[in-house]
**Student:** 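So that we are looking at the same thing, I have put the structure below in structure tokens.
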Amino acid sequence: MTQSPTPIHETVREHYAERIKSSASCCGPSDCCDTSNNLYPIDLLTTVPTDVANTSYGCGDPITLASLKLGQTVLDLGSGAGLDCILASQKVGDSGKVIGVDMTPEMIERAQANAKRVNAANVEFRQGYLEELPVDSNTVDVIISNCVINLSPDKEKVFNEAFRVLAPGGKLAVSDIVTDGELPEIIRKSLSAWAGCVAGAVEAQEYIGMMESVGFTDISIKPVFFDKATVDSALDEMKLDVTEYPREAVYKAVYSAKITAYKPA
């Protein structure tokens, strides 16, 4: 890896290394996403052990969104403990291949153990940054990601790399955090809020604009709004002074989204 880690990279990496060591789930606080994992269809999760299914750090279900087919090559951006890679491997079958990329060594180690445990022989994990993917150009049919792109300090570079590695006609299918309106400055400047999947979120139209600028077409963003209690819990875990920012601005701004786009054929 030649990418130089920023303070944001280091904070995020330390945050997730600690979460996997403590067996905590979800990108933010413990109830940011349901730890019993209601993000996926029940029949999808019954194919993996319960503890693997519940070690999720996401905000959605990119597997269903991707509509994967047998024989496809899939890349997971920020693969974490490997749940989405394992689920994707079942969809693409023995003739397909799944690659997970994550910058956190502890996550790679857990993901490899989980894949071995369920005999997912068509899955491999590579340590690397989303801004500099250790993947050859034009070799991937589908890219998935689950609540990770918002964590990058250079999202346009992530989208540029995603576009590079996708084969012509390839699909991007991600669940991510975006906003509708500006977040308070205290949130934007907080490294803990970056690690909690909030500070790095950008407005949906900016997200679309970055994707369009690198060449993606047929872009779709469908919102999945959080409830007030979920956002409150996230902000409390970030330990920000509640007198210094309007929570209402965060309630109204932050939401999860189902995002799809394509590389022209």
Side-chain angles (χ1 to χ4, degrees), residues 1-17 27-28 57-60 62 75-80 84 99-105 107-108 125-140 143-166 170 172-217 219 221 238 253-257 259-263:
M1 296 182 294
T2 59
Q3 167 80 28
S4 297
T6 67
I8 291 172
H9 285 109
E10 295 292 359
T11 298
V12 170
R13 182 159 51 196
E14 290 170 7
H15 175 83
Y16 287 100
C27 59
Y57 298 85
C59 59
L75 171 64
D76 185 7
L77 304 181
S79 48
D84 286 323
I99 303 166
V101 173
D102 203 284
M103 68 176 179
T104 305
M107 285 294 183
I108 295 288
F125 297 95
R126 304 174 185 177
Q127 187 176 350
Y129 294 99
L130 305 193
E131 299 89 350
E132 189 177 350
L133 292 169
V135 181
D136 291 337
S137 300
N138 304 309
T139 57
V140 175
I143 290 177
I144 59 174
S145 187
N146 202 343
C147 201
V148 177
I149 295 175
N150 74 86
L151 296 171
S152 171
D154 192 343
K155 295 170 185 59
E156 188 163 351
K157 195 170 183 181
V158 174
F159 291 130
N160 190 69
E161 279 290 275
F163 192 86
R164 176 184 67 80
V165 302
L166 271 177
L172 178 79
V174 307
S175 293
D176 206 7
I177 306 297
V178 294
T179 71
D180 180 12
E182 281 296 318
L183 288 171
E185 190 66 16
I186 187 174
I187 297 286
R188 289 293 189 199
K189 291 182 177 179
S190 168
L191 288 178
S192 64
W194 268 92
C197 304
V198 176
V202 300
E203 290 197 59
Q205 288 306 310
E206 182 180 353
Y207 202 101
I208 291 172
M210 287 188 285
M211 297 173 78
E212 289 177 334
S213 71
V214 303
F216 281 106
T217 60
I219 301 168
I221 292 188
M238 294 168 204
V254 179
Y255 64 94
S256 175
I259 303 162
T260 58
Y262 295 85
K263 180 174 180 175

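Start at 1 with the first residue, then count along the sequence. Not measured: the values here are computed from a predicted model.
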**Student:** Of all residues at least two apart in sequence or in a different chain, which pass the side chain to side chain contact (heavy atoms under 4.5 Å, CB included) check with A201?
**Tutor:**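 Checked A201 against side chain to side chain contact (heavy atoms under 4.5 Å, CB included); matches are I177, T179.
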**Student:** Taking side chain to side chain contact (heavy atoms under 4.5 Å, CB included) as the test, write out the residues that go with F163, two or more places apart.
**Tutor:**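 For F163 the side chain to side chain contact (heavy atoms under 4.5 Å, CB included) partners, ignoring immediate neighbours, are V214, F216, K263, P264.
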**Student:** Under a 4.5 Å cut-off applied to non-hydrogen side-chain atoms, are N150 and V178 in contact?
**Tutor:**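 Not touching, per the 4.5 Å side-chain cut-off.
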**Student:** Restricting to side chain to side chain contact (heavy atoms under 4.5 Å, CB included), what partner residues turn up for T260, sequence neighbours left out?
**Tutor:**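 Partners of T260 by the side chain to side chain contact (heavy atoms under 4.5 Å, CB included) criterion, ordered by chain and then number, come out as L65, K171, A173, S220.
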**Student:** Which heavy atom of S152 sits nearest to which heavy atom of V158, and what is that distance?
**Tutor:**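 Result for this residue pair: OG-CG2, 3.3 Å.
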**Student:** CG/L75 to OG/S145 distance, rounded to the nearest 0.5 angstrom?
**Tutor:**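 Between L75 CG and S145 OG, I get 9.0 Å after rounding to 0.5 Å.
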**Student:** Check side chain to side chain donor-acceptor pair (under 3.5 Å) between D76 and all other residues, then give those that pass, not counting sequence neighbours.
**Tutor:**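 For D76 there are no side chain to side chain donor-acceptor pair (under 3.5 Å) partners, ignoring immediate neighbours.
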**Student:** Rounded at 0.5 Å granularity, tell me how far OG1 in T217 sits from CE in M211.
**Tutor:**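 So the OG1 of T217 and the CE of M211 are separated by 9.5 Å.
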**Student:** Could you pull out the closest heavy-atom pair between I208 and I219, with the gap in Å?
**Tutor:**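 Smallest heavy-atom distance, with atoms named: O-CD1, 3.9 Å.
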**Student:** Run T104 and E14 through side chain to side chain contact (heavy atoms under 4.5 Å, CB included) and show every step you take.
**Tutor:** CA-CA 8 Å; T104 305; E14 290 170 7; over 6 Å; no
**Student:** Just wondering, do Y129 and P5 contact through their side chains at under 4.5 Å, heavy atoms?
**Tutor:**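 Yes, side chains in contact.
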**Student:** With sequence neighbours excluded, give me every salt bridge (Lys or Arg N to Asp or Glu O under 4.0 Å) pair touching residues 152-162.
**Tutor:**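 Counting only pairs at least two positions apart or across chains, the salt bridge (Lys or Arg N to Asp or Glu O under 4.0 Å) contacts touching residues 152-162 are E161-R164.
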**Student:** Considering non-hydrogen atoms only, spot the tightest contact between P153 and T6 and give its length.
**Tutor:**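 Heavy atoms of P153 and T6 come nearest at CG-OG1, 3.7 Å.
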**Student:** Is the side chain of T11 donor-acceptor paired with the backbone N or O of I8 at a distance under 3.5 Å, no angle test?
**Tutor:**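 No; zero donor-acceptor contacts below 3.5 Å.
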**Student:** Less than 4.5 Å apart, side chain to side chain, heavy atoms only: is that true for M103 and I108?
**Tutor:**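 No, side chains not in contact.
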**Student:** Under 3.5 Å, is there a donor on one side chain and an acceptor on the other for Y16 and D102?
**Tutor:**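 D102 and Y16 do not have a side-chain donor-acceptor pair below 3.5 Å.
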**Student:** What are the two closest heavy atoms between I221 and A204, and how far apart are they?
**Tutor:**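 Shortest heavy-atom contact: CD1-O, 3.9 Å.
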**Student:** Looking only at non-hydrogen atoms, find the nearest pair between C59 and S256 and report the distance.
**Tutor:**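 Closest heavy-atom pair between C59 and S256: O-OG, 3.1 Å.
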**Student:** Out of curiosity, Y207 OH to D176 CG, how far, rounded to the nearest 0.5 Å?
**Tutor:**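 So the OH of Y207 and the CG of D176 are separated by 3.5 Å.
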**Student:** Do the side chains of L172 and Y262 get nearer than 4.5 Å, heavy atoms only?
**Tutor:**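 They are not in side-chain contact.
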**Student:** I'd like to check the side chain to side chain contact (heavy atoms under 4.5 Å, CB included) partners of P105; sequence neighbours left out, ordered by chain and number.
**Tutor:**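 In terms of side chain to side chain contact (heavy atoms under 4.5 Å, CB included), with neighbours along the sequence ignored, P105 is linked to R13, Q127.
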**Student:** Kindly give the heavy-atom pair with the smallest separation between L133 and V101, and that separation in Å.
**Tutor:**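 The pair with the smallest heavy-atom distance is CD2-CG1, 4.1 Å.
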**Student:** I'd like to check N138 versus V165 (side-chain heavy atoms, cut-off strictly below 4.5 Å). Are they in contact?
**Tutor:**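 With C-beta onward as the side chain, the pair stays apart.
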**Student:** Using only atom types and a distance under 3.5 Å, with no angle test, would you say the side chain of D84 pairs donor to acceptor with the backbone of I144?
**Tutor:**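 Not a single qualifying donor-acceptor pair exists.
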**Student:** Can you check whether L77 reaches I143 side chain to side chain, under 4.5 Å on heavy atoms?
**Tutor:**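 Yes, close enough: below the 4.5 Å cut-off.
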**Student:** Say you draw a straight line from CD1 of I259 to CD1 of I149; how long is it, rounded to the nearest 0.5 Å?
**Tutor:**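 Separation between the atoms: 7.0 Å.
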